[in-house]
Amino acid sequence: MNAPVAMFVAWAAFTIGPALGRPSVQAGFDDSYLTWTAAKAKEIGRSTRVEGHVAGTFVRVRSTTTFRATWMTGDVIRATARLALLADRLCIAQTNALVQDAEAAGEITIMVELDSNEGSGVIPLDWVALLGPRTFVAGETEVARGKSVPALREVRALSGVFGRDYNYDVFWIVFSLDAQSGKPLFPAGVREAELIVRIYSKEGRARWRLPDSIKRRLVASVHTTQPRSGSGTDTRSR
């Protein structure tokens, strides 16, 4: 190969090659979901969806209000983005951007759907979502109160894999991994999480096995907040 040809090949590999492969993304970003089939993406997307009822009189008309709750874990977000790629022929960079936008929404995001066709047909503005360990001990176990973030309606990878059901009002509720006291919401050893949906004085519950991604983040948080050895801090009683 003569020199001009060699220079052209090198230029092509540098400029054209990356365009044919996957674009670079931030370090540690897992894009293996880009190989999932539609069937696998739908299966993963429905894996954290649970249904429940808020028991008791709801606006003096019906005895229950149906709700659905989907924990938007990293895998569920990726499943939603993968289906968007397949449906709209998105490029890989666009799909990765969908995932990154969704994961930036909050430490924990749960999509809650409430059936507004039951009861009065109106969801009260002051309904409450609480998240914490499934095993509750009064005076010891703490919960976090969720914050409704309507703007997340525009974040496509937080829409789930089922499509919009117009019989339900949809809310995106964001929770912190810390309880109000600043302590971890899920202490070591907790295996299950529970969401409480409270409308007036009545409650409904949804339960999940604590996602592995949350466990890893909690472990990483503990490691980064522990004092370094030799700092003079006694941690034996902690």
Side-chain angles (χ1 to χ4, degrees), residues 30 43-56 58 64-80 102-115 123-124 126-149 152 157-158 160 168 170-227 235-238:
D30 179 11
E43 179 183 358
I44 292 172
R46 69 168 62 98
S47 65
T48 65
R49 191 194 206 198
V50 296
E51 298 189 7
H53 298 278
V54 180
F58 179 55
T64 61
T65 296
T66 303
F67 76 91
R68 300 170 181 153
T70 304
W71 191 317
M72 304 305 296
T73 63
D75 281 346
V76 174
I77 288 171
R78 283 166 171 74
T80 307
E103 292 192 326
E107 293 180 317
I108 298 174
T109 303
I110 297 178
M111 182 173 67
V112 177
E113 302 169 81
L114 297 175
D115 186 355
I123 303 299
D126 58 350
W127 73 276
V128 176
L130 305 171
L131 183 69
R134 178 178 178 180
T135 303
F136 180 82
V137 179
E140 297 182 14
T141 306
E142 296 186 82
V143 297
R145 182 166 180 154
K147 178 182 178 181
S148 178
V149 184
L152 295 183
L158 290 177
Y168 287 76
V170 186
F171 305 85
W172 284 264
I173 312 299
V174 175
F175 298 89
S176 171
L177 277 173
D178 293 327
Q180 293 182 354
S181 67
K183 297 179 180 179
L185 181 60
F186 299 106
V190 172
R191 296 184 177 181
E192 294 183 288
E194 182 172 66
L195 173 74
I196 300 172
V197 174
R198 181 180 297 160
I199 300 178
Y200 299 129
S201 61
K202 307 302 178 182
E203 294 183 351
R205 297 170 186 265
R207 294 165 179 169
W208 298 268
R209 186 180 69 179
L210 195 64
D212 290 339
S213 57
I214 298 298
K215 294 178 183 178
R216 289 193 295 267
R217 292 178 69 173
L218 289 169
V219 170
S221 176
V222 169
H223 288 168
T224 57
T225 56
Q226 285 181 343
T235 61
R236 289 174 295 177
S237 61
R238 293 186 180 182

Is a side-chain donor or acceptor of Arg217 paired with a backbone partner of Glu107 at a separation under 3.5 angstrom? yes
Does any non-hydrogen side-chain atom of Val170 lie less than 4.5 Å from one of Met111? yes
Which distance, rounded to the nearest 0.5 Å, do you find between the CD1 of Ile108 and the CG of Leu177? 4.5 Å
How about Val50 and Leu195: do any of their side-chain heavy atoms sit closer than 4.5 Å? no
Evaluate side-chain contact (heavy atoms from CB on, under 4.5 Å) for Arg78 paired with Glu103, printing each intermediate quantity in order. CA-CA 10 Å; Arg78 283 166 171 74; Glu103 292 192 326; 2.6 Å; yes
So which atom in Phe171 and which in Ser148 form the shortest heavy-atom distance, rounded to 0.1 Å? CD2-OG, 4.1 Å
Of all heavy-atom pairs linking Ile77 and Ala102, the shortest is CG2-CB, 3.6 Å
Shortest non-hydrogen separation from Leu185 to Pro187 and the atoms involved: O-CD, 3.4 Å
Check the pair Glu192, Thr135 against side-chain contact (heavy atoms from CB on, under 4.5 Å), reporting the backbone distance first and the verdict last. CA-CA 8 Å; Glu192 294 183 288; Thr135 303; over 6 Å; no
The side chain to side chain donor-acceptor pair (under 3.5 Å) partners of Arg198 (sequence neighbours excluded) come to Glu203
If I compare all heavy atoms of Val190 with all of Pro133, which pair ends up nearest, and what's the gap? CG1-CB, 3.9 Å
Kindly indicate whether the side chain of Leu131, heavy atoms from C-beta on, has any atom under 4.5 Å from the side chain of Ile173. no
Rounded to the nearest 0.5 Å, the CZ atom of Arg209 sits from the CD1 atom of Ile214 at a distance of 13.0 Å
Qualifying residues under salt bridge (Lys or Arg N to Asp or Glu O under 4.0 Å), relative to Arg207, sequence neighbours excluded: Glu194
Apply ring pair (Phe, Tyr, Trp, His ring centres under 6.0 Å) to Trp208 and list each qualifying residue two or more places apart in sequence or on a separate chain. Trp71
Just checking Lys147: does its NZ atom have more than 12 heavy atoms from other residues, nucleotides or ligands closer to it than 6.0 angstrom? no
If you take all heavy atoms of Phe175 and Leu130, which pair is closest and at what distance? CE2-C, 4.1 Å
Do Glu113 side-chain atoms and Tyr168 backbone N/O form a donor-acceptor pair below 3.5 Å? no
Atom CZ of residue position Arg145 - does it have more than 12 heavy atoms of other residues, nucleotides or ligands inside 6.0 Å? no
Please give me the minimum heavy-atom distance between Asp75 and Ile44, naming the atom from each residue. O-CG2, 3.6 Å
side-chain contact (heavy atoms from CB on, under 4.5 Å) between Thr80 and Leu158, worked out: CA-CA 7 Å; Thr80 307; Leu158 290 177; over 6 Å; no
